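As the structure is a prediction and not an experimental result, all values here were calculated from the model.
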Amino acid sequence: MLKTTIIGASGYTGAELALMIFKHPHLSLAGLYVSENSLDKGKAISDLYGSLKGIVDDALQPLLDITQVAKESDVVLLATAHEVSHDLAATFLEHDCVVFDLSGAFRVKKEGFYSEYYGFEHQYEEWLDKAVYGLAEWNAEAIAQAQLVAVPGCYPTASQLALKPLVESNLLDKNQWPVINATSGVTGAGRKANLVSSFCEVSLQPYGVFNHRHQPEIAAHLGCDVIFTPHLGNFKRGILATITTKLEKGVTEADIQKAFNNAYAETPVVRLLGNEMPKIQSVEKTPFCDIGWKVQGEHLIVVSAIDNLLKGASSQAMQCINIRFGFPMLTSLI
């Protein structure tokens with residue numbers, strides 16, 4: 001059994017991970033940790049999330065001695081703020097833990113990226129160079145060898161899974177950047193109280209127009225510039241991304257179908273719907289990504305739907321764990 005520790009366990013993603021670890025036949029929960037100043041320290045995680053009662057009742061412990069926690073862990077999941085993951089990851093890695101970071105701290109290798117989009121200077125260039133981007137369907141070979149996996153964000157996951165088969169098959173006219181309009185439920189803003197993301201205050205609206213940090217993440221790993229506009233929706237969970245693209249001359253609907261089939265025929269988590277349009281209701285509380293598309297002339301609209309807390313975070317991290325240690329892809333997910 002691999003001793004598995006969650007740092008930042010009190011959040012929505014941490015709770016999902018705790019349940020997955022409980023269900024996993026090859027993982028044991030070594031500890032649930034929160035910051036020393038957290039109001040949740042000492043509480044059972046099942047007191048925060050009633051659905052876990054009688055399943056995972058472990059207490060949330062303050063993270064006081066990182067080195068000791070590292071010595072007691074084989075696998076560490078960082079469900080923490082970006083700057084916190086940046087500061088913690090190196091210690092766990094130095095103690096030979098395999099680290100799966102769900103923050104953005106190790107996702108993009110580009111000079112000046114972290115100071116511009118995350119507000120801190122990256123201090124661990126060596127680990128940034130070694131980090132493997134955890135888009136499970138596309139980077140499995142590298143994930144299987146990695147000590148540090150940077151699990152993608154929810155918006156980049158929904159966007160890239162829809163666009164990568166088209167980019168890799170050279171089907172798009174890149175002179176017209178793909179336009180991604182994506183809407184997330186309010187759980188994407190985290191559990192912390194905030195008036196802006198309060199369910200009663202949320203009204204469907206765009207944010208981060210032309211300056212959201214996920215735009216360069218998407219572009220960097222896609223190998224294609226994009227226009228990305230996120231929206232906050234007044235629902236709990238899920239992401240729907242509607243993407244408008246222009247096709248290269250002569251590209252047919254059969255070419256689109258072939259590209260998606262070649263990319264995802266052997267990947268059980270991605271479900272191809274063809275001309276049927278995905279909806280959040282079909283993927284909510286599941287690890288799946290549903291993708292549908294329609295062609296008209298030289299334009300293509302691709303739509304993808306995921307659960308932002310699962311395929312957009314925790315279940316993708318679990319997919320990466322399964323790949324890294326040679327377990328079946330859907331272990332603990334279905």
Side-chain angles (χ1 to χ4, degrees), residues 104 107-108 110 113 116-117 133-138 151-189 204-233 235 237-248 251 256 259-260 263-264 269-273 275-280 282-283 288-296 298-313 316:
R107 289 178 188 157
V108 178
K110 182 179 178 183
F113 174 79
E116 180 177 355
Y117 288 99
Y133 194 63
L135 192 62
E137 283 70 29
W138 288 90
V151 181
C154 48
Y155 283 126
T157 294
S159 302
Q160 289 180 82
L161 288 177
L163 283 169
K164 257 189 171 296
L166 309 172
V167 173
E168 294 294 317
S169 299
N170 297 310
L171 301 182
L172 300 183
D173 179 353
K174 295 181 183 177
N175 292 314
Q176 182 172 310
W177 296 0
V179 177
I180 305 166
N181 287 304
T183 303
S184 174
V186 293
T187 51
L204 180 62
Q205 66 179 114
Y207 64 97
V209 177
F210 284 127
N211 63 7
H212 196 281
R213 60 179 57 144
H214 283 329
Q215 185 278 331
E217 180 183 336
I218 295 167
H221 292 286
L222 192 61
C224 174
D225 285 315
V226 298
I227 294 173
F228 169 68
T229 307
H231 297 69
L232 186 62
F235 53 94
R237 56 197 294 167
I239 282 181
L240 189 78
T242 300
I243 306 168
T244 304
T245 68
K246 185 179 180 182
L247 299 170
E248 286 280 19
V251 172
I256 304 298
F260 279 117
Y264 299 128
V269 170
V270 178
R271 304 187 297 196
L272 301 177
L273 307 185
N275 287 336
E276 179 186 347
M277 290 294 99
K279 55 186 178 181
I280 287 174
S282 298
V283 297
F288 297 115
C289 174
D290 285 357
I291 299 175
W293 61 89
K294 285 195 176 181
V295 178
Q296 182 167 308
E298 59 185 12
H299 288 93
L300 166 71
I301 292 178
V302 187
V303 180
S304 65
I306 63 171
D307 186 308
N308 58 301
L309 298 179
L310 295 178
K311 183 55 177 166
Q316 179 140 262

**Student:** Please name all residues satisfying side-chain hydrogen bond (donor to acceptor under 3.5 Å, both in side chains) with S169, sequence neighbours left out, ordered by chain then number.
**Tutor:** none

**Student:** Using the test ring pair (Phe, Tyr, Trp, His ring centres under 6.0 Å), find all partners of F113 that sit at least two apart in sequence or belong to another chain.
**Tutor:**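 With sequence neighbours excluded, F113 shows a ring pair (Phe, Tyr, Trp, His ring centres under 6.0 Å) to Y117, Y118, given in chain and number order.
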
**Student:** Could you pull out all residues at least two apart from F228 that satisfy ring pair (Phe, Tyr, Trp, His ring centres under 6.0 Å)?
**Tutor:**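 Expected list: Y155, H212.
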
**Student:** What residues form a side-chain hydrogen bond (donor to acceptor under 3.5 Å, both in side chains) with N170, not counting sequence neighbours?
**Tutor:** none

**Student:** Can you list the residues that meet the side-chain hydrogen bond (donor to acceptor under 3.5 Å, both in side chains) rule with N211, with sequence neighbours excluded?
**Tutor:** none

**Student:** According to side chain to side chain contact (heavy atoms under 4.5 Å, CB included), who are the partners of Q176, at least two apart in sequence or on a separate chain?
**Tutor:**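 By the side chain to side chain contact (heavy atoms under 4.5 Å, CB included) rule, Q176 matches K246, H299.
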
**Student:** State the CD1-CG distance between I180 and L222, to the nearest 0.5 angstrom.
**Tutor:**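 Atom-to-atom, I180:CD1 and L222:CG are 7.0 Å apart.
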
**Student:** First locate atom NZ of K110, then atom CD of E116, and finally report the distance between them rounded to the nearest 0.5 Å.
**Tutor:**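 If we round to the nearest 0.5 Å, K110:NZ and E116:CD are 7.5 Å apart.
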
**Student:** Tell me, please, which residues at least two apart from A158 pass side chain to side chain contact (heavy atoms under 4.5 Å, CB included).
**Tutor:**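 For A158, the residues satisfying side chain to side chain contact (heavy atoms under 4.5 Å, CB included) (neighbours in sequence not counted) are I239, A241, S304, I306.
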
**Student:** Which pairs count as salt bridge (charged side-chain N to carboxylate O under 4.0 Å, His left out) when at least one residue sits in residues 205-225, sequence neighbours excluded?
**Tutor:**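 Those involving residues 205-225 are R107-E217.
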
**Student:** Could you pull out all residues at least two apart from L273 that satisfy side chain to side chain contact (heavy atoms under 4.5 Å, CB included)?
**Tutor:** E276, P278, D290

**Student:** Name all residues meeting the side-chain hydrogen bond (donor to acceptor under 3.5 Å, both in side chains) criterion together with S184; count only those two or more places apart in sequence or in a different chain, and write none if there are none.
**Tutor:** none

**Student:** Between F260 and V302, is any pair of side-chain heavy atoms under 4.5 Å apart?
**Tutor:** yes

**Student:** If you look only at pairs with a residue in residues 163-172, which of them pass as a salt bridge (charged side-chain N to carboxylate O under 4.0 Å, His left out), with sequence neighbours excluded?
**Tutor:** K164-E168

**Student:** Check whether more than 12 heavy atoms from other residues, nucleotides or ligands sit under 6.0 Å from atom NZ of K174, and answer yes or no.
**Tutor:**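 Correct, the count exceeds 12.
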
**Student:** Between K311 and V283, does a side chain to side chain contact (heavy atoms under 4.5 Å, CB included) hold up when you go through it step by step?
**Tutor:** CA-CA 9 Å; K311 183 55 177 166; V283 297; over 6 Å; no

